[in-house]
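Before anything else, here's the structure in question.
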Amino acid sequence: MTRKPRANGIPPRQLEPSSVARRRALLRGVVGLGIAAAGGTIGSLARANALVVGQAAPPLVLNALDGRKIATRDLIGKVVIATFWATWCEPCREELPLLSAYATSHAQQGIEVLGFSLDGPENLVMVKEVAARLSFPVGLLGSPWAGDYGRVWRIPVSFVIDRTGRLVDNGWDDPEPVWTKERLQKVIDPLIHSKSELDRSFGARPSLPQTQ
């Protein structure tokens, strides 16, 4: 019994190879995109996984709006909060004034906040408006990547560096990364109120006995 051709004169079996080929090609394309996306994610995680609390913090340089270049490695002796934010991030806009007030009230105790904005140059005017109300320097990050801190894939996120340049708080590990008064007291207060970390790391000079 012969198979009847379709109305267009092409037997069904002749349609299968091209149909299957199209499906396979589409599948390969989807898989390829998935691998590329996964590769980007893995690369980001690989960099972020280089962060080790208690070890030297990777360097960061803030290109501030006022033209200064502020490197975290030049801030040894201070407690540094590097915060990443954007004008379109509502939680960021809420925590920035809190960080600003905290930095002002603890300036004499050696606290330094650096604000890295993920906004593009097209939003520079808005960034400047926000920065004008803050007590700490702000600059554009210029890229979603922050060196060894990895790709900034969620905001707000912050990293804390102690007086000796060690990472003491990894923002990627914080389930609730938004700064609050309570979180500042828990994470930052012990660092600025305790004895200088420099003394503890390099050894404070023993006091000489007084002579009569």
Side-chain angles (χ1 to χ4, degrees), residues 40-41 43-53 57-66 68-72 75 78-107 110-162 165-192:
T41 303
S44 174
L45 290 175
R47 293 199 178 199
N49 286 341
L51 300 176
V52 179
V53 171
L60 280 171
V61 178
L62 178 72
N63 295 304
L65 298 178
D66 60 9
R68 289 181 294 162
K69 288 185 178 294
I70 306 172
T72 54
L75 299 175
K78 294 189 175 184
V79 176
V80 180
I81 301 175
T83 186
F84 294 81
W85 64 283
T87 57
W88 38 263
C89 167
E90 191 60 35
C92 304
R93 296 287 296 271
E94 292 177 359
E95 78 169 13
L96 289 175
L98 178 67
L99 283 174
S100 180
Y102 188 87
T104 298
S105 61
H106 295 85
I111 182 76
E112 187 82 31
V113 179
L114 304 177
F116 295 83
S117 172
L118 269 71
D119 287 272
E122 68 278 3
N123 289 339
L124 183 57
V125 172
M126 295 176 62
V127 174
K128 287 183 175 180
E129 290 177 355
V130 174
R133 299 191 292 270
L134 302 176
S135 64
F136 55 84
V138 166
L140 299 182
L141 183 59
S143 164
W145 291 91
D148 288 333
Y149 292 84
R151 187 179 187 278
V152 183
W153 56 274
R154 65 169 168 84
I155 50 175
V157 65
S158 299
F159 304 90
V160 181
I161 304 171
D162 73 6
R166 295 178 303 182
L167 183 72
V168 294
D169 190 77
N170 181 358
W172 297 131
D173 295 337
D174 293 326
E176 297 180 4
V178 179
W179 287 107
T180 62
K181 182 178 179 181
E182 292 73 24
R183 184 166 175 247
L184 285 169
Q185 290 174 344
K186 178 181 178 181
V187 177
I188 307 300
D189 278 11
L191 297 174
I192 61 176

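As the structure is a computational prediction, the values presented were derived from the model and not from experiment.
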For this session: Check whether NZ of the Lys or CZ of the Arg Arg183 lies under 6.0 Å from the centre of the six-membered ring of Trp179 and within 45 degrees of that ring's axis.
Result: yes

Exercise. Rounded to the nearest 0.5 Å, what separation is found between the CG atom of Leu167 and the CG atom of Leu51?
Worked result: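 Result: 6.0 Å between the selected atoms.
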
Exercise. Is the backbone N or O of Val53 less than 3.5 Å from a side-chain atom of Arg166, with the two atoms forming a donor-acceptor pair by type?
Worked result: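 Judged by distance alone, no pair lies under 3.5 Å.
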
Problem set entry | Residue pair Ser117 / Ala86: nearest heavy atoms and the distance that separates them |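 Closest approach of Ser117 to Ala86: OG-CA, 4.4 Å.
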
For this session: Decide yes or no for Phe136 and Ile81: does some side-chain heavy atom of the first lie under 4.5 Å from some side-chain heavy atom of the second?
Result: no

Problem set entry | Where Pro137 and Ile70 come nearest, the two heavy atoms and their spacing |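 Smallest interatomic distance, heavy atoms only, reads CG-CD1, 3.7 Å.
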
For this session: To the nearest 0.5 Å, tell me how far Phe116 CZ sits from Asp119 CG.
Result: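 So the gap between those two atoms works out to 14.5 Å.
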
For this session: Search all heavy atoms of Val178 against all heavy atoms of Pro91 and return the closest pair with its distance.
Result: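 Smallest interatomic distance, heavy atoms only, reads CG2-CB, 4.1 Å.
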
Problem set entry | Min side-chain heavy-atom separation Val127-Leu65 under 4.5 Å |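 Answer yes - side chains close enough.
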
Exercise. Looking at CG of Leu114 and CG of Leu62, how far apart are the two atoms once the value is rounded to the nearest 0.5 Å?
Worked result: 5.5 Å

Seminar exercise, completed: CG (Asp148) and CG (Leu60) are apart, to the nearest 0.5 Å, by 9.0 Å

Problem set entry | Any donor-acceptor pair under 3.5 Å from Ser100 side chain to Leu96 backbone | no

For this session: Please examine the side chains of Phe84 and Pro156, heavy atoms only from C-beta on, and report whether any two atoms are closer than 4.5 Å.
Result: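 They are not in contact (no side-chain heavy atoms under 4.5 Å apart), so the answer is no.
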
Problem set entry | Between CD on residue Glu95 and OG1 on residue Thr180, distance to nearest 0.5 Å |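 Reported to 0.5 Å precision, the distance equals 9.5 Å.
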
Exercise. Arg154 and Gly171: which non-hydrogen atoms are nearest, and at how many Å?
Worked result: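 Distance-wise, the nearest heavy atoms are NH2-O, 3.1 Å.
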
Problem set entry | Point-to-point distance, once rounded to the nearest 0.5 Å, from CG of Leu140 to NZ of Lys128 |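 If I round to the nearest 0.5 Å, the distance is 9.0 Å.
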
Exercise. Side-chain contact, heavy-atom cut-off 4.5 Å: Leu99 with Leu184?
Worked result: yes

For this session: Please name the pair of heavy atoms, one in Leu134 and one in Pro97, separated by the smallest distance, quoted to 0.1 Å.
Result: CD2-N, 4.2 Å

For this session: Compare all side-chain heavy atoms of Val152 with those of Leu118 and state whether any distance is below 4.5 angstrom.
Result: yes

For this session: Please confirm whether Phe159 and Trp172 have ring centers closer than 6.0 angstrom.
Result: yes

Exercise. Would you say Glu122 has more than 12 foreign heavy atoms packed within less than 6.0 Å of its CD?
Worked result: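 Check passes, neighbour count above 12.
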
Problem set entry | Reference residue Val160; test side-chain contact (heavy atoms from CB on, under 4.5 Å); the match among Asn170, Val80, Val168 |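 Testing each of Asn170, Val80, Val168 against Val160, the sole residue satisfying side-chain contact (heavy atoms from CB on, under 4.5 Å) is Val168.
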
Exercise. So do the side chains of Val157 and Tyr149 get within less than 4.5 Å of each other, counting heavy atoms only?
Worked result: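 The answer is no, as the side chains (C-beta and beyond) never meet within the 4.5 Å cut-off.
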
